[in-house]
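Heads up: the structure comes next, in structure tokens.
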Amino acid sequence: MTITSNTLVRNGMPYIGKVLRQVAPFMDEMVICISQSSNDGTKEEIMKVMAPYQGKIVWMTEDVKNKGDLTEVENDMVRKSTSDWVLFLSDDDYWPEDQLKLCLAELDKDPQIYAYSVVPYQLIDLEHYDTSWDNKSFS
């Protein structure tokens, strides 16, 4: 089983670094698309955090004028993904390591299942996240 994370981000500070750093060791590939209009240090943070993982990253940028056009950007990201599974990872989707491992362990259990839906933890600040969805969010 192989897995690619797809992250489309614009102004993802202050969480994007923590989010990517957490999942990177578990991904075979990472497709990261940074908005050209991002102006909060997101690009610099991603470049710093992802330096050890350069070999597994597919870099993209977007400069859409209409938010509706982001769907095509996301579709292009999926087309660039070469793994068995894709993890759609937003800039605030923090995965505690134990929960990520549990989720990834499910992927090969039943070959008849082609998708899972997970309600991720919501970051409250850099150190805390809401766990109110524990044991209710995996389908």
Inter-residue atom distance [X].[atom1] - [Y].[atom2], 0.5 Å rounding:
{"X": "L87", "Y": "C103", "atom1": "CG", "atom2": "SG", "value": "7.0 Å"}
{"X": "M60", "Y": "E62", "atom1": "CE", "atom2": "CD", "value": "9.0 Å"}
{"X": "T7", "Y": "M27", "atom1": "OG1", "atom2": "CE", "value": "9.0 Å"}
{"X": "L104", "Y": "W85", "atom1": "CG", "atom2": "CH2", "value": "10.5 Å"}
{"X": "K18", "Y": "M13", "atom1": "NZ", "atom2": "CE", "value": "12.5 Å"}

Apply side chain to side chain contact (heavy atoms under 4.5 Å, CB included) to L100 and V23, showing your working. CA-CA 8 Å; L100 181 58; V23 302; 4.0 Å; yes
Count the heavy atoms of every other residue, nucleotide or ligand shown that sit under 6.0 Å from NZ of K56, and state whether that count exceeds 12. yes
Distance only, no hydrogens: is a donor on one side chain within 3.5 Å (strictly under) of an acceptor on the other, for [X] and [Y]?
{"X": "D84", "Y": "T2", "result": "yes"}
{"X": "R10", "Y": "S37", "result": "yes"}
{"X": "N11", "Y": "S38", "result": "yes"}
{"X": "T42", "Y": "D40", "result": "yes"}

Measure the shortest side-chain to side-chain distance between [X] and [Y] over non-hydrogen atoms and say whether it is less than 4.5 angstrom.
{"X": "I32", "Y": "M50", "result": "yes"}
{"X": "F26", "Y": "I3", "result": "no"}
{"X": "L89", "Y": "N6", "result": "no"}
{"X": "V19", "Y": "D91", "result": "no"}
{"X": "W59", "Y": "M47", "result": "yes"}
{"X": "S5", "Y": "F88", "result": "no"}
{"X": "K43", "Y": "Q36", "result": "no"}

Determine the minimum heavy-atom distance between Q22 and P96, stating which atoms define it.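 What the structure gives for the nearest pair is NE2-C, 3.7 Å.
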Salt bridge present between E44 and K48 (N-O < 4.0 angstrom): no
Would [X] end up clustered with [Y] when hydrophobic side chains under 4.5 Å apart are linked, directly or stepwise?
{"X": "Y94", "Y": "M30", "value": "yes"}
{"X": "V58", "Y": "I46", "value": "no"}
{"X": "Y53", "Y": "V9", "value": "yes"}
{"X": "Y114", "Y": "Y116", "value": "no"}

Assess the residue pair D92 and I16 against the criterion (side chain to side chain contact (heavy atoms under 4.5 Å, CB included)); give the C-alpha distance rounded to whole Å, side-chain angles, the decisive distance to 0.1 Å, and a yes or no. CA-CA 6 Å; D92 62 350; I16 188 65; over 6 Å; no
Acceptor/donor pairs from residues 72-80 side chains to any protein atom, 3.5 angstrom cut, sequence neighbours excluded:
{"from": "E72", "atom 1": "OE2", "to": "R79", "atom 2": "NH2", "distance (Å)": "2.5"}
{"from": "N75", "atom 1": "ND2", "to": "T71", "atom 2": "O", "distance (Å)": "3.4"}

Those residues that, when tested against E29, pass side-chain hydrogen bond (donor to acceptor under 3.5 Å, both in side chains) (two or more places apart):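 Once residues adjacent in sequence are excluded, the partners of E29 under the side-chain hydrogen bond (donor to acceptor under 3.5 Å, both in side chains) criterion are T4, T82.
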